[in-house]
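Scroll down for the structure; my scribbles are underneath it.
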Protein chains: 2
Amino acid sequence: MKNLKNAPAGEKTALIGNAALLVQDYPRVPLTVDCVIFGFEENKLKVLLIRSDLEVYKGKWSLLGDVVHENEDLDDAAYRVLQERTGMTNVYLKQVHTFSSPHRHPGGRVVTVAYASLLNIKHHELCITENELHWHNVRTVRDMAFDHREIIDTCYNWLQKSIQEHPLGFNLLPEKFSLRELQNLYEAILNVELDRRNFRKKFFSMDFLIDTGEFEEDVKHRPGKLYRFDFAKYEKSKRKWIGIDF
Amino acid sequence: MKNLKNAPAGEKTALIGNAALLVQDYPRVPLTVDCVIFGFEENKLKVLLIRSDLEVYKGKWSLLGDVVHENEDLDDAAYRVLQERTGMTNVYLKQVHTFSSPHRHPGGRVVTVAYASLLNIKHHELCITENELHWHNVRTVRDMAFDHREIIDTCYNWLQKSIQEHPLGFNLLPEKFSLRELQNLYEAILNVELDRRNFRKKFFSMDFLIDTGEFEEDVKHRPGKLYRFDFAKYEKSKRKWIGIDF
DNA sequence: AATTAAATATGTAATTTCTACACATTGTTT
DNA sequence: AAACAATGTGTAGAAATTACATATTTAATT
């Protein structure tokens with residue numbers, strides 16, 4: 001945050017009185033946000049993409065992004081993109097990483113801040129009709145514009161790590177869900193198979209699941225119990241976790 | 001990464017042929033990097049700070065930072081700052097978070113990307129004489145310029161989490177270290193007291209410590225064995241860790 | 001109505017990891 | 001030689017993880 005040009009080493013340098021003048025001379029770069037919007041449907045982790053509108057990326061898929069406005073906080077910009085594209089507010093949104101490779105954008109230097117957001121596909125109407133807005137399989141989607149495949153990979157890694165430490169996954173499920181749905185979610189995101197019995201044991205022992213007394217409907221087998229996640233209890237209990245392990 | 005002004009909804013929009021023209025119209029912001037340089041000495045976690053050279057922050061402490069140059073990658077910028085200030089290269093450096101509050105800089109909007117870096121104070125001569133460059137206690141240092149206290153907090157949280165999952169701590173120690181030094185490091189960073197016997201057991205069971213056959217010198221008690229960390233073995237063994245827990 | 005199929009629901013034993021603690025060893029200092 | 005201080009090691013109980021089997025409930029089938 002500081003740099004004194006032409007300040008001879010060792011010489012006592014005067015303080016800078018006018019900070020605005022200093023900043024005026026700083027190089028400026030175009031700054032954007034890109035949202036990696038994760039959803040969950042048909043037991044697959046999905047990501048929301050749109051067709052690129054750049055000629056050089058014709059036919060390729062692109063994240064939902066936009067330029068950051070003057071004096072706009074990055075979080076605000078990300079929420080704005082989300083609101084504009086999905087109509088949703090109050091969803092989970094998290095800054096993950098900033099990408100700055102000088103040639104990542106064919107139009108010249110553009111730095112972008114990647115946000116991950118998780119939302120329940122069912123709660124969501126793809127109301128915006130411009131371009132083609134689609135859910136894609138996170139692991140298999142190819143033909144991405146820019147460095148967006150790399151951005152998705154980074155955010156997907158972040159997601160895999162985070163859902164093991166925080167109850168983020170519930171943002172991808174309906175408010176009431178069966179244990180099978182929960183397990184499917186974890187298996188899809190972590191890309192592993194888990195033992196059903198141990199999975200249930202683990203979640204019940206954490207004691208954040210509330211039995212709603214209701215059952216699944218419209219399933220062609222024995223309906224499972226529906227649960228809600230007790231966010232209030234979780235918030236109160238947040239424990240500090242010490243466990244060196246690598 | 002895309003936004004079409006004045007595109008009537010539903011209307012088929014033409015592809016953009018000239019990406020450079022598009023980017024030309026993007027708003028631009030001053031972009032800096034700030035390095036949170038952690039060190040370890042006298043069993044305390046330290047952070048390297050310099051006096052702010054802004055009049056409004058007279059007497060306050062500031063992180064080591066600089067503007068990002070044209071077409072410069074952020075990682076490169078952070079390494080450059082580190083090199084310029086400490087003369088060190090090949091040290092651990094990691095992007096942690098980007099801070100963008102519109103009024104975080106008194107000179108106007110400046111977005112900064114925070115990097116954390118860990119280095120061994122002994123390997124390091126504070127050769128740069130301009131301003132006052134000092135190591136400060138991470139948890140107690142106050143009177144910080146800008147939002148640098150918040151940036152340090154964020155990076156410190158990142159560090160606490162990371163040293164439990166990755167062998168980063170060894171970058172803060174001499175190449176050969178005693179188990180007591182290692183434990184002191186963990187206790188200082190995590191701000192807890194650990195059981196000596198269980199700590200040793202844990203590290204030995206991970207099996208990444210190489211007994212050098214050498215012993216501490218110049219200690220006024222029974223010298224402890226000196227170990228090295230087996231980075232090569234660690235790299236080969238990186239295990240994928242599945243453990244849902246919150 | 002009885003049978004089959006499929007998924008839910010639950011229990012238990014063996015293993016591993018974590019935790020709390022006690023004692024012997026080695027080198028320094030008095 | 002004795003006292004001291006820190007290193008080095010072991011063990012028993014608790015807790016968490018893992019692997020695996022059987023009963024239950026509902027829908028679909030005969």
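Protein chains get the first letters and strands the later ones, always in sequence-line order, with residue 1 at the start of each.
Taking atom CZ on Arg200(B) and atom C1' on dT11(D), their separation rounds to 17 Å, with Å as the unit. One interatomic measurement links the two molecules: NZ of Lys225(A) to P of dA9(C), which rounds to 7 Å at whole-angstrom precision. One atom, CE of Met206(A), and another, P of dA16(D), lie 12 Å apart when rounded to the nearest Å. Rounded to an integer number of Å, the gap from CD of Glu216(B) to P of dA5(D) is 17 Å. For the pair Leu209(A) CG and dT10(C) P, the computed distance is 12 Å after rounding to whole Å. Rounding to whole angstrom units, CZ of residue Phe203(A) and P of dA9(C) are separated by 15 Å. Spacing between atom CG of Asp211(B) and atom P of dT7(D) amounts to 15 Å, rounded to whole angstrom units. Distance CD1 (Ile244(A)) to C1' (dC18(C)): 12 Å, rounded to an integer number of Å.
Looking at Arg51(B), its side chain does come within 3.5 Å of a backbone N or O of Gly59(B) through a donor-acceptor pair. Between the side chain of Arg200(B) and the backbone N or O of Asp195(B), no donor-acceptor pair lies under 3.5 Å. Glu165(A) contributes no side-chain N or O that, together with a main-chain N or O of Phe246(B), makes up a donor-acceptor pair within less than 3.5 Å. Checked by atom type and distance alone, the side chain of Glu216(B) pairs as donor or acceptor with a backbone atom of Gly224(B) at under 3.5 Å.
Side-chain contact between Leu173(B) and Phe40(B) is present, with heavy atoms from C-beta onward closer than 4.5 Å.
Under the side chain to side chain contact (heavy atoms under 4.5 Å, CB included) criterion, Ala145(A) pairs with Ser52(A), Tyr57(A), Lys60(A), Ser62(A), sequence neighbours left out.
The phosphate of dC18(C) has OP1 or OP2 within less than 4.0 Å of a side-chain N or O from Lys202(B).
Salt bridge annotation for Arg80(B)-Asp76(B): absent, with no cationic side-chain nitrogen under 4.0 angstrom from a carboxylate oxygen. Using a 4.0 Å cut-off between a side-chain N of Lys or Arg and a carboxylate O of Asp or Glu, Arg104(A) and Glu150(A) do not qualify as a salt bridge.
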For nucleotides 19-30 of chain D, 5' to 3', base contacts (B), sugar-phosphate-only contacts (S) and non-contacts (-) with protein non-hydrogen atoms under 4.0 Å give BBB--BBSSS--
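For residues 174-192 of chain A, proximity to DNA chain C is found at Arg180(A), defined as any non-hydrogen atom under 4.0 angstrom from a strand atom.
In this structure, Phe177(A) has its ring center under 6.0 Å from that of Phe170(A).
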